[in-house]
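Comments concern the structure below.
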Amino acid sequence: MLNHFLKFSDIASGEIQPLLERAVELKAGATSTALAGKSVVIFFEKPSLRTKLSFWVGIEKLGGNPVHFAPEEVGLGKREPVADVANVMSRMSDAAVIRTFEQSTVEEFAAAASIPVINALTDAEHPCQALADTQTILEQLGSVSGANVAFIGDGNNVAVSLGYAVAGLGGHLTFASPDGYTVHQESLDGANAYGVAVGGSVKQVINPQEAVANADIVYTDVWTSMGQEAETAKRLKAFEGYQVNPELLDQAGPNVKFMHDLPAHPGEEISDGLLYDSRSVAFDQAENRLWAQAALMEKLI
Ligand code: NVA
């Protein structure tokens, strides 16, 4: 039983595929009033375009009422303790969608809340992104099971959640990251354990060319995530040679698709124009945030 969605593995691996199929149905025009009469708090401590828009519109599509707070209004953990905010929101709303820095903050919030809590990105995970990502892979390939996915770049929040999602659906994900920026062993072990029953797997390599060989999907994310801005110069240097560009895609499978969770930094992790390459499905992926999260909210709230 899914109470909160704080990290990708909160959903049982057997529940992912039905949820994605529901997302596809909603995208195709199925309607739902699952949130009629319900209010959902959207509270973000970091910038957001896709996540805020897709939750806001998704809540409305399901007949619910979105209530948005900017960080300075709430002062989470500063103006008021995290647990007190969670208690108050639980008394007056039906779910909370939270974007913050530390994973421990959403966990502390959820521990004190009596409503479902959804992680809309922390430094550790971006599980809603991974739902939209696997919906996109399902649409493109017909199945995530057996798919070969290459993630090139930083072993960050997006990479970790994607690893769980692909492995949990029986796909194979190879991360290629420079030394010092690889996915932590604990997450690699966790994703492999999560996917073992369905034959899914993840692995970490250093070389991008090795990762993309035979890939059906090549995925990348920014080199400097929100909150890491002070490390930008150091990261630009560390990630030299990790840019995804047409030449790298040419080394993948013949029908390879390119994915990016956006926002992108052309000239850094991707070459100029790559989002508009005929192999890019990045904007389908962005739209799928709406449908995957609607399916999630239907199930959770
Ligand atoms: N890794 C990026 C994802 C942005 C949607 C970040 O955390 O900033």
Side-chain angles (χ1 to χ4, degrees), residues 5-8 42-58 71 76 97-107 118-136 149-166 173 175-178 180-184 187 191 202 204 217-236 238-239 242-244 258-270 274-275 280-293 296:
F5 193 49
L6 305 182
K7 54 188 192 306
F8 197 87
I42 301 173
F43 170 58
F44 288 0
E45 296 196 293
K46 289 178 178 174
S48 174
L49 168 64
R50 279 148 293 279
T51 309
K52 180 171 164 183
L53 182 60
S54 55
F55 269 108
W56 194 305
V57 173
L76 188 69
V97 179
I98 298 182
R99 167 170 290 192
T100 186
F101 293 85
E102 302 282 330
Q103 181 73 15
S104 59
T105 306
V106 286
E107 308 224 332
I118 297 174
N119 175 358
L121 184 146
T122 61
D123 294 344
E125 283 226 26
H126 197 1
C128 296
Q129 179 69 52
L131 285 178
D133 296 342
T134 42
Q135 182 189 340
T136 309
V149 181
F151 181 99
I152 311 299
D154 192 15
N156 62 15
N157 46 5
V158 168
V160 167
S161 295
L162 183 68
Y164 278 92
V166 169
L173 177 49
F175 302 103
S177 320
Y181 298 91
T182 53
V183 174
H184 293 141
S187 300
V202 302
Q204 175 78 57
I217 303 284
V218 173
Y219 193 129
T220 192
D221 183 24
V222 291
W223 292 340
T224 303
S225 284
M226 293 179 278
Q228 299 172 332
E229 290 77 7
E231 299 173 22
T232 301
K234 186 176 141 207
R235 285 173 168 268
L236 281 176
F239 286 100
Y242 283 81
Q243 185 184 76
V244 178
F258 166 68
M259 294 177 64
H260 193 306
D261 53 292
L262 304 176
H265 295 162
E268 296 183 16
E269 81 278 3
I270 60 165
L274 196 72
L275 291 180
S280 168
V281 293
F283 293 103
D284 294 325
Q285 187 186 351
E287 180 191 335
N288 286 341
R289 299 294 305 280
L290 171 59
W291 307 113
Q293 290 159 196
L296 173 72

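Counting starts at 1 for both ligands and their atoms, in listed order. Values below: every heavy atom of this structure, side chains too, minus hydrogens, waters and symmetry copies.
- Side chains of Y242 and E268: no donor on one and acceptor on the other come within 3.5 Å.
- The closest donor-acceptor contact from the side chain of T224 to the backbone of Q228 lies at 3.5 Å or more, if one exists at all.
- Close approach of ligand 1 to D261 (heavy-atom distance below 4.0 Å) involves ligand atoms 3 (C), 4 (C), 5 (C).
- Residue T51 does not touch ligand 1, judged by heavy-atom distances below 4.0 Å.
- By the criterion of a heavy-atom distance under 4.0 Å, the backbone of L262, and not its side chain, is placed next to ligand 1.
- Checking D221, L49, T224 against atom 1 (N) of ligand 1, the nearest heavy atom belongs to D221.
- Checked against S161 for a side-chain hydrogen bond (donor to acceptor under 3.5 Å, both in side chains), the options E125, Q129, K7 give a single hit: E125.
- D133 and Q285 share a side-chain donor-acceptor pair at under 3.5 Å.
- For the pair D154 and ligand 1, no heavy-atom separation below 4.0 Å is found.
- When only non-hydrogen protein atoms are considered, atom 8 (O) of ligand 1 lies nearest to M226 N, 2.8 Å.
- Between K46 and D123 there is a salt bridge, since at least one side-chain N of the basic residue sits less than 4.0 Å from a carboxylate O of the acidic one.
- Judged purely by distance below 3.5 Å, without hydrogens or angles, the side chains of Q204 and S177 pair a donor atom with an acceptor atom.
- When only non-hydrogen protein atoms are considered, atom 7 (O) of ligand 1 lies nearest to N157 ND2, 2.8 Å.
- Polar contact with ligand 1: present for S225 (N/O pair, distance under 3.5 Å).
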